[in-house]
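Numbers here are sequence positions counted from 1.
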Amino acid sequence: MTVQTDDVADLFIIGGGINGCGIARDAAGRGLSVTLAEMNDLASATSSASTKLFHGGLRYLEYFEFRLVREALIERETLLRAMPHISWPMRFVLPYHEDMRFDSDTPTSRLLSTVMPWMRGRRPAWLIRLGLFMYDHLGGRKILPGTSSLDLRSAPEGAPLKSKFEMAYEYSDCWIEDSRLVVLNARDAEARGANFMVRTEVLSAERVADLWHVTIRNKGTDETRVVRAKMLINAGGPWVGDIIQTKIRVNSREGVRLVRGSHIVTRRLFDHDKCYFFQGEDGRIIFAIPYERDFTLIGTTDQDHPNPSEPPVCTEVEQEYLCTFATKYFEQPITRDDIVWTYSGVRPLYDDGASSATAATRDYTLKVDATGGAPVLNVFGGKITTYRRLAESAMEKVAEHFSDLPGPWTAGVSLPGGDFPVDGVQDVIAGLEADYAFLDRAWAERLVRAYGTEARTILGDAQIAEDLGEDFGANLTSKELEWLVEKEYARSAEDIVWRRNKLGLRLTQDQIAHIQDWIENR
């Protein structure tokens with residue numbers, strides 16, 4: 001039986017990734033009524049499978065994507081101020097060797113091969129310095145330190161590397177806890193009146209007069225109902241094209257190119273807290289990043305992935321590629337035996353006709369179709385660093401169909417738990433340790449890095465660890481689980497240990513199964 005609701009939302013958003021949740025937050029803050037449906041968990045696809053960086057995209061300069069890089073560079077510090085608990089500055093070490101080469105498809109490579117053919121694709125040091133100079137100055141940097149040089153023969157950052165790397169450049173970007181970013185945007189949107197429905201599939205949407213009638217199915221109860229909205233926003237990520245063709249059935253000349261990016265997580269490969277930016281002789285780049293205290297994150301790959309319904313996995317070939325790539329830099333060889341976890345996501349890039357997945361644009365494209373009555377906005381592409389600006393651009397499109405909307409408001413407005421100074425996270429951690437004597441440093445830091453000032457709400461008036469209920473392993477307690485289920489839309493153990501946090505790296509399969517039993521028996 002299908003039930004039709006009487007209420008009419010201003011916006012109905014399909015997709016609970018960072019773009020959908022970012023748009024929902026911005027729209028709700030401007031007074032629009034918003035309903036969002038996500039067929040699985042929030043951030044269950046692309047938005048939890050990134051390289052975990054707010055970055056301008058240094059390599060995009062080679063493609064002359066100056067507007068995208070500038071916007072992303074400006075956003076780094078805007079976002080850092082709003083979420084200092086889940087985002088923080090990192091220094092990136094770019095080792096240099098004369099064998100550095102270009103991807104032959106980049107505009108910079110083609111230009112250089114024309115005017116300096118004797119370089120034969122090599123990256124000259126002066127060109128890297130020029131790129132880093134632009135990276136330092138395009139975005140009006142105020143918080144993050146600028147580029148410097150390192151002598152790898154004496155600096156600790158050189159110790160894990162092969163001896164042939166004698167110098168490096170060091171520059172700034174930022175870390176971001178990607179799936180927590182999505183959840184906090186959703187929570188803030190809900191606090192401003194938005195309605196979120198997880199594990200709710202959109203079966204179809206059709207225009208009836210000047211409204212969208214959207215048929216949805218609750219995957220838990222199998223109940224179907226029809227909800228109505230004045231405007232539809234398709235933020236389906238990898239499924240954006242499928243939604244256009246099979247759910248809302250509108251004509252669109254725009255296409256999406258699905259590109260799989262895979263990562264490996266290994267044992268900890270170095271002792272410092274800086275990230276490495278490695279350039280390959282094939283023109284690609286990878287990062288090697290300190291991860292969850294005891295591990296190293298390495299990625300990413302770029303492979304076309306045409307079918308969004310096929311779950312992305314880090315293939316054996318991709319694992320070997322990343323290990324081999326990193327081994328060209330690290331003194332100690334890295335093999336698949338060092339891998340403790342892998343993950344992979346599909347980036348829904350705007351199809352600009354590029355010859356390779358690596359060359360496809362990371363910029364976003366927003367297209368409105370209002371030819372059949374009620375409007376639909378289709379969201380193509382984008383990168384996590386520019387999600388807030390994408391949401392503002394989407395609202396410019398929405399404002400054409402809703403009169404007297406307030407203007408942009410999200411810049412500088414903190415996400416839940418982020419209401420403290422950008423350089424104040426250590427003070428928040430120390431305060432938590434002082435007030436809750438049973439916390440050790442690692443536990444306090446994990447709570448603050450996940451929940452910020454809201455960690456105190458979770459801990460409440462606990463005097464001893466036992467006051468927080470059962471410990472499910474790695475200091476994950478009943479109190480924290482209750483918070484994740486009641487406040488953060490978690491519906492399964494997988495939601496909790498691989499998206500709300502990464503405790504899956506530390507818990508056994510039996511412990512994870514026990515968490516699932518706890519959720520089902522609540």
| query | Out of Trp175, Tyr135, Tyr171, Phe277, which one pairs with Phe92 under the ring-ring contact (aromatic ring centres under 6.0 Å, His included) rule? | reply |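 Exactly one pass, corresponding to Tyr171.
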| Step-by-step side-chain contact (heavy atoms from CB on, under 4.5 Å) determination, Val202 to Ile243 | CA-CA 9 Å; Val202 173; Ile243 291 168; over 6 Å; no
Rounded to the nearest 0.5 Å, how far apart are [atom1] of [X] and [atom2] of [Y]?
X: Arg180; Y: Arg187; atom1: CZ; atom2: CZ; answer: 8.0 Å
X: Ile264; Y: Ile298; atom1: CD1; atom2: CD1; answer: 4.5 Å
X: Ser172; Y: Asp136; atom1: OG; atom2: CG; answer: 7.5 Å
X: Ile233; Y: Leu11; atom1: CD1; atom2: CG; answer: 4.5 Å
X: Phe402; Y: Leu32; atom1: CZ; atom2: CG; answer: 6.0 Å
X: Arg389; Y: Leu68; atom1: CZ; atom2: CG; answer: 11.5 Å

Decide yes or no for [X] and [Y]: does some side-chain heavy atom of the first lie under 4.5 Å from some side-chain heavy atom of the second?
X: Pro84; Y: Val425; answer: no
X: Trp443; Y: Thr477; answer: yes
X: Glu392; Y: Asp26; answer: yes
X: Ser44; Y: Glu38; answer: yes
X: Lys383; Y: Glu71; answer: no
X: Met83; Y: Leu184; answer: no
X: Lys52; Y: Ile289; answer: no
X: Lys230; Y: Asp210; answer: no

Please answer whether the main-chain N or O of [Y] pairs with a side-chain N or O of [X] as donor and acceptor at a distance below 3.5 Å.
X: Arg260; Y: Pro306; value: no
X: Glu445; Y: Ile429; value: no
X: Gln516; Y: Ala493; value: yes
X: Asp7; Y: Ala9; value: no
X: Asn185; Y: Gly22; value: no
X: Tyr343; Y: Cys314; value: no
X: Lys219; Y: Asn40; value: no
X: Glu310; Y: His305; value: no

| message | If you apply the rule side-chain contact (heavy atoms from CB on, under 4.5 Å), what do you find for Leu476 with Ile496, and how did you get there? | response | CA-CA 10 Å; Leu476 180 65; Ile496 289 169; 4.2 Å; yes
Please find the pair of heavy atoms, one from [X] and one from [Y], that lie closest to each other, and give the distance.
X: Leu232; Y: Val214; value: CD1-CG2, 4.1 Å
X: Cys21; Y: Ala186; value: SG-CB, 4.0 Å
X: Met231; Y: Leu377; value: CE-CB, 4.0 Å
X: Lys397; Y: Leu366; value: CE-O, 3.8 Å
X: Leu53; Y: Ile384; value: O-CG2, 3.5 Å
X: Gly56; Y: Asp173; value: N-OD1, 3.5 Å

If you measure only the distance, is there a donor-acceptor pair under 3.5 Å linking the side chains of [X] and [Y]?
X: Asn19; Y: Tyr364; result: no
X: Asp419; Y: Ser414; result: no
X: Ser47; Y: Asp178; result: no
X: Arg499; Y: Ser48; result: no
X: His514; Y: Glu470; result: yes
X: Gln303; Y: Tyr321; result: no
X: Thr51; Y: His263; result: yes

Cationic N near anionic O, under 4.0 Å, [X] to [Y]:
X: Arg446; Y: Glu480; value: yes
X: Asp10; Y: Arg30; value: no
X: Arg449; Y: Glu177; value: no

| task | Please say whether more than 12 non-hydrogen atoms of neighbouring residues, nucleotides or ligands are located less than 6.0 Å from CZ in Arg491. | result |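 It does: Arg491 CZ has more than 12 such atoms within range.
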| request: Could you please spell out the steps behind the side chain to side chain donor-acceptor pair (under 3.5 Å) verdict for Arg217 and Thr200? | output: CA-CA 6 Å; Arg217 178 176 70 89; Thr200 300; over 6 Å; no
| For Thr315, what residues pass the side chain to side chain donor-acceptor pair (under 3.5 Å) criterion, not counting sequence neighbours? |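 Thr315 satisfies side chain to side chain donor-acceptor pair (under 3.5 Å) with Glu318 once adjacent residues are dropped.
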| Using the ring of each side chain (for Trp, its six-membered ring), is Tyr451 parallel, tilted or perpendicular to Trp483, with breaks at 30° and 60°? |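 Because their plane-to-plane angle is over 60°, the rings of Tyr451 and Trp483 count as perpendicular.
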| said: I'd like to know whether Leu58 forms a side-chain contact (heavy atoms from CB on, under 4.5 Å) with Ile285, so could you lay out the CA-CA distance, the side-chain angles of the two residues, the decisive distance to 0.1 Å, and finally the verdict. | reply: CA-CA 10 Å; Leu58 182 60; Ile285 65 101; over 6 Å; no
| query | What residues, two or more places apart in sequence or in another chain, satisfy salt bridge (charged side-chain N to carboxylate O under 4.0 Å, His left out) together with Arg500? | reply |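 So Arg500 forms a salt bridge (charged side-chain N to carboxylate O under 4.0 Å, His left out) with Asp41.
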| Phe54 and Leu80: side-chain contact (heavy atoms from CB on, under 4.5 Å), yes or no, with the steps? | CA-CA 9 Å; Phe54 278 155; Leu80 190 59; over 6 Å; no
